[in-house]
> 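After the structure tokens below, expect a handful of questions from me.
Owing to the predicted nature of the structure, the values given are computational and were not obtained by experimental measurement.
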2 protein chains.
Amino acid sequence: MNDVRPIRAKSGTNHEGTSAHNRRVMIDALRINGALSRADLARATRLTKQTVSNIIEELERDGLVSSQEAVRKGRGQPSTPYRLVPEGAFAIGLQIDRHVTRAVAVDLVGNVLVRDEAGLPAGGPSEGTKVILDLVAGVRAELAGIVQQSEKRLVGLGAAMPGPFGVAGSGDDPWMMEAWQKFPLLETLTAGTGLDVGLQNDAAAAATAERMVGAAHGLDHAVCLFVGYGIGAGLILNGELYRGANGNAGEIGMALLFADGKSTPLEHRASLASLYQYLSIDPADPDLHAHINDLASRGDPGIDTWIEAAAADLRWSIHLVETVFDPQTVILCGSAPEALVNRLIAAIGPLLPSIAERRGRTLPRLQPGMADPWSVALGAAAGPISRAFDPHFAAILKDSL
Amino acid sequence: MNDVRPIRAKSGTNHEGTSAHNRRVMIDALRINGALSRADLARATRLTKQTVSNIIEELERDGLVSSQEAVRKGRGQPSTPYRLVPEGAFAIGLQIDRHVTRAVAVDLVGNVLVRDEAGLPAGGPSEGTKVILDLVAGVRAELAGIVQQSEKRLVGLGAAMPGPFGVAGSGDDPWMMEAWQKFPLLETLTAGTGLDVGLQNDAAAAATAERMVGAAHGLDHAVCLFVGYGIGAGLILNGELYRGANGNAGEIGMALLFADGKSTPLEHRASLASLYQYLSIDPADPDLHAHINDLASRGDPGIDTWIEAAAADLRWSIHLVETVFDPQTVILCGSAPEALVNRLIAAIGPLLPSIAERRGRTLPRLQPGMADPWSVALGAAAGPISRAFDPHFAAILKDSL
DNA sequence: GTAATAAGTCAAGACATTTGACTTAATAAG
DNA sequence: CTTATTAAGTCAAATGTCTTGACTTATTAC
């Protein structure tokens with residue numbers, strides 16, 4: 001008869017939470033606006049000059065910001081702008097895809113300093129784990145060779161792979177990566193690297209990358225449609241990546257479309273996997289990327305038919321995410337070859353009518369994002385950077401300190 | 001050559017933000033768990049006993065919590081539980097629908113103390129404003145008659161009406177309420193009542209109600225599908241209502257479906273408006289609600305056909321929001337008559353496969369919510385209560401204090 | 001040359017949480 | 001029945017972070 005009913009409550013906060021938040025707000029302001037003086041920061045954050053001075057001094061000691069030359073701008077003492085120091089922090093990003101794994105080392109402002117990739121053997125996680133850990137170790141070592149003390153400033157390892165996670169399996173759908181999705185990847189990577197490890201799906205990683213250095217920079221509401229082996233949406237809501245209750249938010253590739261009397265997941269119609277199937281190409285081919293890029297740029301008739309069909313599905317997907325999320329803009333990105341993404345964007349227009357057609361819009365409804373095979377790894381690395389330095393609710397709470 | 005580039009930054013915080021957050025966390029904990037002792041609160045919020053004591057004392061002075069009889073539960077001094085005092089705060093909720101407007105007065109825990117409705121004349125906002133302000137004034141006066149000092153504890157007026165807001169109009173679609181959507185409602189209500197006024201769409205209001213007193217109570221990720229004159233989704237993401245960049249998130253009634261070679265908004269297929277059209281009923285009929293309830297409960301063959309078709313669209317809508325948002329549960333609610341909602345729920349099953357089929361699910365994928373013509377007004381009132389008392393990021397920041 | 005303006009510092013003060021010892025009140029054990 | 005143990009809650013001093021208001025520094029405008 002013991003009372004085991006757990007009490008659920010949000011965590012409180014204290015002085016540490018306050019100052020942690022204010023530090024993050026400073027960093028965020030410098031990231032969005034570029035270099036700013038203490039007085040600028042005080043006005044923008046509504047903190048006092050004195051508080052800003054204290055925090056800036058501390059950030060400078062920590063090597064996260066540094067002063068630039070004073071600038072005169074009219075009457076009054078010249079201001080000293082401060083900027084983010086790229087070498088202030090680093091993170092490793094890891095992409096696990098069907099046949100390849102890629103790792104990058106990224107700095108505080110999103111520069112990619114090291115990149116490396118390796119083929120993934122067919123044996124699944126039991127075979128692949130060693131390849132991945134070796135790859136990460138290599139990138140880490142190379143970073144240490146470029147930057148002194150990089151290990152001390154390494155905030156974590158972000159991993160990205162196609163989702164969804166934890167779903168009651170549909171058997172062994174070849175479109176999914178079930179073996180990897182069920183594998184205890186977080187635990188394995190944590191044990192194998194000793195780093196703080198995070199995991200997200202590839203669309204979420206792409207969105208994180210777009211927010212740090214791409215088209216979503218400084219936006220609080222954006223949806224990144226990510227065309228990779230599958231298709232997914234990375235969601236920036238209220239300035240943060242939205243993960244859903246189980247980390248599977250935005251898995252629109254699993255959405256069923258009804259046409260010709262049967263239902264098909266969007267992923268089977270508009271994704272690289274569908275293109276490979278349509279063209280009967282082996283997705284394990286190492287020259288795949290260049291090959292597809294070539295076909296797309298010279299307008300191969302075979303691929304053109306697929307582009308038309310996929311563009312129609314994407315047009316509808318854009319309409320849908322606009323309707324459901326009401327974002328400031330939609331960004332089309334992918335690990336697809338750039339020529340293909342450009343062809344798709346050209347074929348998508350004009351967009352379907354939606355609530356995004358507002359009086360006084362400033363941003364385009366659709367913008368091209370990164371179309372780079374490395375963007376997912378970059379976004380994966382951006383995850384730990386964001387967790388460590390961006391302002392967000394959870395960072396204030398005591399249970400995060 | 002002046003530098004007018006505005007500096008964008010999040011606001012910092014200070015002691016006031018800290019304590020404001022901690023107060024809200026206490027209230028939230030009491031709302032979710034019922035009465036709790038100071039020691040319970042200290043453990044749950046990770047604050048010290050002393051801090052909790054100080055805050056509880058303050059909340060008690062403010063009339064928001066009160067102690068209950070001490071309870072003995074084993075060794076140690078008996079604990080004194082504290083509970084939320086319903087009369088600690090009030091809010092007015094206002095629903096503006098096509099042909100009717102409803103207002104309620106609600107207390108801190110979501111009890112409806114006063115309710116009243118009025119028909120809306122056809123002349124649009126210029127005619128309707130007076131009716132609405134009279135209705136609100138009447139409810140307010142009646143509340144003041146029931147509760148002493150109610151005006152002092154009135155935290156605001158929440159208004160709800162069908163969206164979307166601010167969209168470049170498509171002419172005069174009879175399915176929408178364009179005249180009202182373009183009308184400066186916030187300003188008018190603020191001027192006419194002197195209260196702090198908020199505005200949201202009806203689905204968002206329904207979701208707010210479900211979160212305060214309904215099926216979403218205590219959930220952090222839930223989607224409420226709201227079947228009213230139109231259809232929309234109210235989004236509870238990370239424990240807060242999500243509004244989107246322009247307050248139009250969740251307007252899935254505007255989503256275009258492609259079937260039989262033409263595109264139709266979901267709203268034209270699964271909504272009360274579509275039912276009225278299907279049955280050739282005048283939506284201004286004051287006995288509408290009872291009439292539809294009657295038809296639905298006795299299984300009228302005419303309505304059954306519509307129910308089948310609408311259920312198919314709802315089944316797909318549920319699949320879609322599960323796929324896109326990855327919520328803990330989906331709640332079907334509406335201002336539709338209860339018998340109709342129950343018939344719809346029965347007709348919807350079984351659900352389509354989706355990523356919501358997880359190992360170890362505890363909540364059902366689909367749950368019935370409120371089907372009550374007053375739920376939107378209740379949710380509208382819950383908005384100001386939530387803004388004033390629920391923990392959320394914005395409440396910590398200096399620019400909200 | 002002087003006044004006005006703005007950046008930034010200094011030192012004291014204010015505020016909310018924390019710490020650790022203490023009080024109170026109950027049950028469990030011998 | 002007495003004593004030890006456990007847990008709730010209080011007291012007073014300490015701590016940490018932001019704020020306040022006066023002051024210094026550096027530049028331009030008149």
Side-chain angles (χ1 to χ4, degrees), chain A residues 1-3 7 11-26 35-61 65 67-82 395-399 401, chain B residues 1-3 7 11-26 35-61 65 67-82 395-399 401:
Chain A
M1 178 80 194
N2 51 348
D3 188 352
I7 296 174
S11 161
T13 187
N14 59 9
H15 304 128
E16 272 185 88
T18 302
S19 86
H21 171 71
N22 288 344
R23 273 203 309 277
R24 286 167 183 260
V25 165
M26 304 278 166
L36 294 175
S37 70
R38 302 179 187 204
D40 285 337
L41 283 166
R43 279 185 294 265
T45 63
R46 309 222 187 185
L47 293 165
T48 60
K49 286 184 294 181
Q50 186 58 60
T51 299
V52 171
S53 267
N54 294 341
I55 294 176
I56 284 293
E57 202 176 313
E58 183 187 329
L59 291 175
E60 195 167 20
R61 266 202 313 276
V65 309
S67 59
Q68 297 180 317
E69 215 169 303
V71 293
R72 289 183 289 234
K73 40 182 176 185
R75 223 176 255 197
Q77 177 170 329
S79 64
T80 308
Y82 285 79
I396 290 171
L397 309 183
K398 285 190 82 175
D399 52 17
L401 298 173
Chain B
M1 176 80 194
N2 51 348
D3 187 350
I7 296 173
S11 160
T13 187
N14 60 9
H15 304 128
E16 272 184 88
T18 301
S19 86
H21 171 70
N22 288 345
R23 272 202 310 275
R24 285 166 183 260
V25 165
M26 304 280 166
L36 293 175
S37 71
R38 300 178 187 205
D40 286 337
L41 283 165
R43 280 185 294 266
T45 61
R46 309 218 188 192
L47 292 165
T48 60
K49 286 184 292 181
Q50 185 57 61
T51 299
V52 171
S53 269
N54 295 341
I55 293 176
I56 285 291
E57 202 176 316
E58 184 188 329
L59 292 175
E60 197 168 17
R61 265 203 313 277
V65 309
S67 59
Q68 296 181 317
E69 217 168 300
V71 293
R72 292 182 287 233
K73 43 183 176 187
R75 225 176 255 198
Q77 176 171 329
S79 64
T80 307
Y82 285 78
I396 290 171
L397 309 182
K398 286 190 79 175
D399 51 16
L401 298 174

> Can you check whether B/Ser11 reaches A/Val25 side chain to side chain, under 4.5 Å on heavy atoms?
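They are not in side-chain contact.
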> May I ask you to say what B/Ser79 touches in the nucleic acid, namely base, sugar-phosphate or nothing, with a heavy-atom cut-off under 4.0 Å?
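Since only primed, P, OP1 and OP2 atoms lie under 4.0 Å of B/Ser79, the category is sugar-phosphate.
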> Please examine the side chains of A/Thr80 and A/Arg38, heavy atoms only from C-beta on, and report whether any two atoms are closer than 4.5 Å.
no
> With rounding to the nearest 0.5 Å, note down the distance linking OG1 in A/Thr45 to CD1 in A/Ile55.
7.5 Å
> Could you identify the nucleotide paired to C/dG30, looking across every strand shown and requiring Watson-Crick or G-U wobble geometry with both distances under 3.5 Å?
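Check on C/dG30: paired to D/dC1, both distances under 3.5 Å.
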> Does anyone know the first and last nucleotide of DNA chain D in reach of chain A, 5' to 3', at under 4.0 angstrom to a heavy atom?
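From 5' to 3', the first and last contacting nucleotides are D/dG16 to D/dA29.
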> To the nearest 0.5 Å, tell me how far B/Leu59 CG sits from B/Arg24 CZ.
11.5 Å
> Which pairs count as salt bridge (Lys or Arg N to Asp or Glu O under 4.0 Å) when at least one residue sits in residues 41-56 of chain B, sequence neighbours excluded?
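Every salt bridge (Lys or Arg N to Asp or Glu O under 4.0 Å) pair that includes a residue of residues 41-56 of chain B, provided the two are not neighbours, is B/Asp40-B/Arg43.
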> How many Å lie between CG on B/Asn54 and P on C/dT19, as a whole number?
14 Å
> Please report the interatomic distance CG(A/Leu47) to CD(A/Gln50), rounded to the nearest 0.5 Å.
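If I round to the nearest 0.5 Å, the distance is 12.0 Å.
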> Could you tell me which residues satisfy side-chain hydrogen bond (donor to acceptor under 3.5 Å, both in side chains) with B/Glu60, sequence neighbours excluded, listed by chain and number?
none
> Would you mind reading off the distance between B/Lys49 atom NZ and C/dT24 atom P, rounded to a whole angstrom?
15 Å
> Measure the shortest side-chain to side-chain distance between A/Val65 and A/Met26 over non-hydrogen atoms and say whether it is less than 4.5 angstrom.
no
> With heavy atoms under 4.0 Å as the rule, sort A/Ser19 into base, sugar-phosphate or nothing.
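Counting heavy atoms under 4.0 Å across all strands, the contact made by A/Ser19 is with sugar-phosphate only.
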> A side-chain contact here means heavy atoms from C-beta on lying under 4.5 Å apart; do B/Ser19 and B/Arg23 qualify?
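Side-chain contact under 4.5 Å: yes.
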> Any donor and acceptor pair, going by atom type alone, linking the side chain of B/Asn14 with main-chain N or O of B/Gly17 inside 3.5 Å?
yes
> For C/dT18, does OP1 or OP2 lie under 4.0 Å from any side-chain N or O of B/Thr48?
yes
> If you take any heavy atom closer than 4.0 Å to DNA chain C, which residues from residues 36-47 of chain A end up in contact?
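DNA chain C contact set from residues 36-47 of chain A: A/Ser37, A/Arg38, A/Ala39, A/Arg43.
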> Atom CG of B/Asn14 to atom P of C/dA16: distance rounded to whole Å?
9 Å
> How would nucleotides 25-30 of chain C be written as a contact map, 5' to 3', with B for base contact, S for sugar-phosphate-only contact and - for no contact, using protein heavy atoms under 4.0 Å?
BBBS--
> Below 3.5 Å is the cut-off: list the nitrogen or oxygen pairs between protein and nucleotides 10-12 of chain C, distance only.
unit_1 : atom_1 : unit_2  : atom_2 : d
C/dC10 : N4     : A/Gln50 : OE1    : 2.5

> Mind checking the OG-CG spacing from B/Ser79 to B/Leu41? Nearest 0.5 Å is all I need.
10.5 Å
> Which is true for A/Ser53 with a 4.0 Å heavy-atom rule: it touches a base, it touches only sugar-phosphate, or it touches nothing?
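Sugar-phosphate: the residue A/Ser53, judged by heavy atoms under 4.0 Å, touches backbone atoms but no base.
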> I need the A/Ile396 CD1 to B/Leu397 CG distance, nearest 0.5 Å.
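It comes to 7.0 Å.
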> Find the distance between OG1 (B/Thr13) and CG (B/Asp399) and round it off to the nearest 0.5 Å.
9.5 Å
